[in-house]
Amino acid sequence: MEKERQIIHMDQDAFFVSVEIRKNPNLTGKPVIIGGGGDRGVVASCSYEARKYGIHSAMPGRTAKLLCPQAIFLKGDMEEYSKASHDITEIIADKVPLFEKASIDEHYIDMTGMDRFFGCMKFASELRQTIIKEMRLPISFGLSINKTVAKIATNESKPGGELQVTYPELRPFLDPLAIHKIPGIGHATYKKLSEMGVREILTLTQIPQQLMFKILGQHGLSLWQKANGIDLAPVVPYRERKSIGTQATFESDTMDMSKLKAIITGMVTGLTFQLRNQKKLTACITVTVRYTNFETVTQQERIPYTSLDSLLISKAHSLFEKVYSKRMLLRLVGVKLSHLVSGYEQIGLYNIAEEEYSLYQAMDKVRNNYGAEAVVKACIVTQPPRDEQGKIIKYNPRKKKVLLKNTEEEEPNQEPEVRKRSKIRSFMSEKGITGTKSYE
């Protein structure tokens with residue numbers, strides 16, 4: 001029975017910020033914000049000191065600066081965060097029989113039946129202390145009869161807390177809480193329920209299921225069950241990645257078609273490189289655009305399983321032409337590859353796919369040895385400078401050396417020019433783009 005289950009939900013406290021504080025203890029007790037540095041930047045994470053000013057994840061960086069001008073903005077290091085997440089997962093995997101990694105900073109642990117050997121609350125508390133000691137990162141947990149209640153308990157115990165909600169304590173714990181505490185209730189759903197006068201979980205439990213289905217469909221029934229403490233979802237030990245995507249927000253809105261298509265090309269080549277490294281294929285591609293008025297439109301298409309750049313780039317451009325119909329300025333474009341499966345490209349007998357795939361394998365080998373930007377499509381590299389007649393100005397290293405020498409003589413205090421610079425980075429910085437990646 002569900003009331004006999006023992007589910008632990010462990011969640012890092014302000015994970016990204018905590019990793020930065022571990023690296024620089026001087027940030028302790030200060031309003032720290034990860035991301036959101038540019039005018040179009042978005043807050044990825046923030047410290048609890050920053051949250052006191054009303055700052056939260058996914059908030060525009062400009063708004064966060066207005067709310068807390070003294071906040072410390074950090075660019076963040078996803079590689080370091082991923083390593084810390086991996087190390088925490090290794091600690092958990094070494095000590096528990098069954099766990100599910102729900103995100104980069106949270107885990108579900110199924111301890112059902114283990115309470116006969118030792119108390120689950122005692123075990124969870126000792127595991128938490130082990131993570132704190134070995135990783136020097138704060139973490140909280142909730143223990144209850146299912147994943148939903150355990151997650152709510154974790155959020156109520158934060159920061160740096162631990163809370164158990166047994167079956168008899170279920171209703172007294174859930175009823176007085178606000179409905180936005182239920183996982184899965186977003187801004188739009190919360191607004192709709194609030195307009196109906198439903199602001200506490202107790203009120204939500206008293207609404208008939210048929211009415212919830214009429215208002216919100218299947219999602220309404222799911223929320224009703226969660227409000228009543230019902231969640232039969234198992235702890236899944238391994239979850240196959242379903243999609244991979246990336247998007248770019250422009251510093252200034254644009255409708256330059258050549259620029260937009262070049263950016264989409266760069267996105268697709270980056271995603272296909274990841275697919276081939278992970279030995280995966282995709283069967284669906286989605287293109288997203290966001291207009292200057294914040295209207296967001298998406299278009300997707302099912303395709304034969306593939307990981308080849310040429311086919312996916314062609315499909316992405318075709319979808320972009322369909323979805324970009326208003327001829328308005330754009331502030332964001334994105335590409336997502338979904339319906340992923342493990343496998344390799346099927347090479348046809350009477351086509352050039354074999355030569356093409358061999359080319360991609362050679363390119364991937366170079367990228368793996370020298371970096372993802374070592375080999376890129378020519379169309380996404382900054383165009384070479386031209387003179388007044390439109391002719392390309394050829395590169396003359398001797399002339400550049402003399403120019404640098406003269407510049408250093410005239411301005412001895414000026415810092416020397418950074419000579420080695422990735423062409424793809426030059427392109428991205430000149431176009432004024434901030435990008436994000438998403439994984440599901």
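Basis for what follows: all heavy atoms, side chains included, without hydrogens, waters or symmetry-related copies. Heads up: numbering here begins at 1 and tracks the sequence. Every value quoted in this text rests on a predicted model; they were computed, and no experiment measured them.
- With respect to the salt-bridge test (charged N to carboxylate O, under 4.0 angstrom), the residues K83 and E80 do not qualify.
- In terms of heavy atoms, I145 sits closest to R5 at O-CB, 3.3 Å.
- Side-chain contact of Y81 with E20: a donor-acceptor pair under 3.5 Å is present, judged by distance alone.
- Among all heavy-atom pairs drawn from M135 and A84, the shortest one is CE-O, 3.7 Å.
- In terms of modelled atom types and a separation under 3.5 Å, the side chain of T272 and the main chain of S307 share no donor-acceptor contact.
- Look at R276 and D309 and you find a salt bridge, because one of the NZ, NE, NH1 or NH2 atoms lies within 4.0 Å of a carboxylate O, short of that distance.
- Using modelled atom types and a 3.5 Å distance limit, the side chains of S103 and D105 yield a donor-acceptor pair.
- With hydrogens and angles disregarded, a donor-acceptor distance shorter than 3.5 Å links the side chain of S140 to the backbone of G160.
- Under the side-chain contact (heavy atoms from CB on, under 4.5 Å) criterion, I72 pairs with L27, K30, L74, not counting sequence neighbours.
- Panel note: side chain T89, backbone S85; a donor-acceptor pair is recorded below 3.5 Å.
- One N or O on the side chain of T282 and one on the backbone of S338 form a donor-acceptor pair closer than 3.5 Å.
- At least one test fails for K158 against the ring of F141: distance under 6.0 Å to the centre or angle within 45° of the axis.
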Evaluate side-chain contact (heavy atoms from CB on, under 4.5 Å) for L340 paired with L275, printing each intermediate quantity in order. CA-CA 9 Å; L340 305 186; L275 280 184; 3.9 Å; yes
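- Ion pairing of E100 with K147 is present here, as a side-chain N (NZ or NE/NH1/NH2) and a carboxylate O approach within less than 4.0 Å.
- D110 and T112 are linked by a side-chain donor-acceptor pair at a separation below 3.5 angstrom, with hydrogens and angles left out of the test.
- Side-chain contact between L281 and H339 is absent, with no heavy-atom pair separated by less than 4.5 Å.
- Under the 4.0 Å criterion applied to side-chain N and carboxylate O atoms, E321 and K261 are assigned as salt-bridge partners.
- Across T296, D253, V297, a single residue satisfies side-chain contact (heavy atoms from CB on, under 4.5 Å) together with Y291, and that is V297.
- A salt bridge is defined here as a Lys NZ or Arg NE, NH1 or NH2 lying under 4.0 Å from an Asp or Glu carboxylate O, and R290 with E295 fails to meet this definition.
- Evaluation of the salt bridge (charged side-chain N to carboxylate O under 4.0 Å, His left out) test over residues 126-143, restricted to residues two or more places apart or in two chains, returns R128-E162.
- Counted by atom type alone, H317 and T265 present one or more donor-acceptor pairs between their side chains at under 3.5 Å.
- The shortest heavy-atom contact between A316 and I285 is CB-CD1, 3.8 Å.
- Inspection of the Y324 and Q299 side chains reveals no N or O donor paired with an N or O acceptor under 3.5 Å.
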